[in-house]
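The structure appears right after this line, and notes come after that.
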Protein chains: 2
Amino acid sequence: MDPALARWIEEAARLFEAGGIPRMAGRALAFLLVAEPPEPTAKEIGEALGVSKGALSPALGYLVRLHLVERFRRRGERADRYAVRPGAWRKLLQEGIKVLGRYRELAERGLFLTGENPRLKEMRDFYAFLERELPALLAKLEGA
Amino acid sequence: MDPALARWIEEAARLFEAGGIPRMAGRALAFLLVAEPPEPTAKEIGEALGVSKGALSPALGYLVRLHLVERFRRRGERADRYAVRPGAWRKLLQEGIKVLGRYRELAERGLFLTGENPRLKEMRDFYAFLERELPALLAKLEGA
DNA sequence: CGTAGAGTTCTGTCTTGACAAAACTTTGTG
DNA sequence: CACAAAGTTTTGTCAAGACAGAACTCTACG
């Protein structure tokens with residue numbers, strides 16, 4: 001494979017990893033974004049990335065469970081194919097919004113434990129604000 | 001220390017860790033949110049958390065560098081004190097927006113390498129949208 | 001049903017990261 | 001300017017995670 005593309009994939013995987021996606025899953029996702037032809041099999045992914053199928057299988061399962069990637073089979077073929085789902089990025093952001101909720105809950109629980117505490121109040125108000133406003137932003141994207 | 005509070009701190013640290021903050025730094029940040037009295041020294045943090053000062057020092061430096069925590073010294077004392085900065089959460093979100101920019105750049109570089117590619121276009125458009133809209137959301141919070 | 005290829009799970013090895021303790025450096029005060 | 005306390009950096013040890021390869025299971029077709 002083109003070395004420039006190989007480097008792109010590694011860089012993408014590192015960025016995804018910083019966002020909480022396991023390394024191998026990030027590599028697979030990155031490859032699926034640029035694979036030519038698209039919709040490769042696990043075997044093709046493994047060969048392109050130079051990794052074993054034993055390591056790939058859980059990674060692909062992870063991406064499918066997150067609904068970032070879909071798994072399907074073409075008529076007459078006996079190997080599954082994989083593709084990035086349209087809307088994968090929105091899905092990822094929605095997960096992010098859920099995390100904001102956890103931050104807010106954490107702050108609320110902290111307030112319960114420590115009583116009035118300006119530091120925790122600021123935290124709670126901030127994340128409550130985002131939790132309230134971000135869905136509207138997503139809707140706006142939808143409309144556009 | 002109150003066991004419930006100790007559990008709260010560990011949980012907070014895990015949540016922060018998922019967001020990319022190193023474990024020890026997350027613990028310190030969590031403690032600073034609930035420390036009573038506030039503005040502890042490194043020694044007090046270490047004793048409360050049961051960790052060594054050698055592990056704490058880089059962690060506190062990290063939080064200070066990110067501008068999440070400030071380091072200062074009271075007149076007549078010879079140990080630094082630490083406190084969560086007001087606006088720390090906004091800062092954290094601003095860092096997040098920068099990361100969105102990296103996602104967009106990555107998609108653009110991928111488009112350059114592979115030519116027209118609907119998968120990458122969707123990715124680029126999504127992150128470009130967020131990068132454009134999120135600062136306005138922050139401004140709205142400012143005003144409120 | 002048997003077989004071959006696809007997919008998953010397990011196992012051993014290697015790498016990476018985390019932390020305590022110790023060594024070292026800096027800073028502030030008498 | 002010496003001493004003590006604070007802060008940083010280094011080092012050794014231990015735990016956790018990643019991955020290849022092997023073993024195993026499942027599925028589809030003959």
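Numbered from 1 within each chain, the chains take letters A, B, ... in sequence-line order.
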Short side-chain N/O contact from B:Arg73 to OP1 or OP2 of C:dT29, under 4.0 Å = no

Side-chain N,O (A:Arg23) to OP1/OP2 (C:dT15) below 4.0 Å =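 For C:dT15, OP1/OP2 do not have a side-chain N/O of A:Arg23 under 4.0 Å.
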
Ion pair check, B:Glu17 and B:Arg23, cut-off under 4.0 Å =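 Yes.
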
Answer yes or no: is there an ion pair linking B:Glu95 with B:Arg102, defined by an N-O contact shorter than 4.0 Å?
->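 Between B:Arg102 and B:Glu95 there is no salt bridge, as every charged N stays at least 4.0 Å from the carboxylate O atoms.
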
Nearest whole Å is fine: how far is [N] [atom2] from [X] [atom1]?
X       : N      : atom1 : atom2 : result
A:Arg75 : D:dA28 : CZ    : P     : 13 Å
A:Arg27 : D:dA20 : CZ    : P     : 8 Å
A:Arg78 : C:dA4  : CZ    : C1'   : 8 Å
B:Met24 : D:dT9  : CE    : C1'   : 15 Å
A:Leu56 : D:dA22 : CG    : C1'   : 17 Å
A:Lys43 : C:dT8  : NZ    : C1'   : 17 Å
B:Asp80 : C:dT27 : CG    : C1'   : 10 Å
B:Lys53 : D:dT11 : NZ    : P     : 17 Å

Want to settle it: does B:Pro58 or A:Gly54 sit nearer the 5' end of DNA chain D, counting the closest nucleotide to each?
->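 The 5'-side residue here is B:Pro58.
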
Check every atom of C:dG7, D:dT8, C:dA21 against the side chain of B:Ser52 and return the nucleotide holding the closest atom.
-> C:dA21

Mind listing the closest non-hydrogen atom pair of A:Ala30 and A:Trp8 along with its distance?
->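 Answer, listing the atom of A:Ala30 first, then A:Trp8: O-CZ3, 3.6 Å.
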
Relative to each other, are the rings of A:Tyr103 and B:Phe16 parallel, tilted or perpendicular (30° and 60° limits)?
->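 Judged by the thresholds at 30° and 60°, the geometry between A:Tyr103 and B:Phe16 is tilted.
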
Does atom CD of B:Glu116 have more than 12 heavy-atom neighbours from other groups under 6.0 Å away?
-> no

Checking all strands, does A:Arg81 fall into the base, sugar-phosphate, or nothing category for heavy-atom contacts under 4.0 angstrom?
-> nothing

Name the nucleic acid region contacted by B:Gly46, choosing base, sugar-phosphate or nothing; use a 4.0 angstrom heavy-atom cut-off, strictly under.
->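 Since no nucleic acid heavy atom lies under 4.0 Å of B:Gly46, the category is nothing.
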
Starting from the 5' end of DNA chain C, give me the residue, A:Ala79 or B:Gly76, whose nearest nucleotide shows up first.
-> A:Ala79

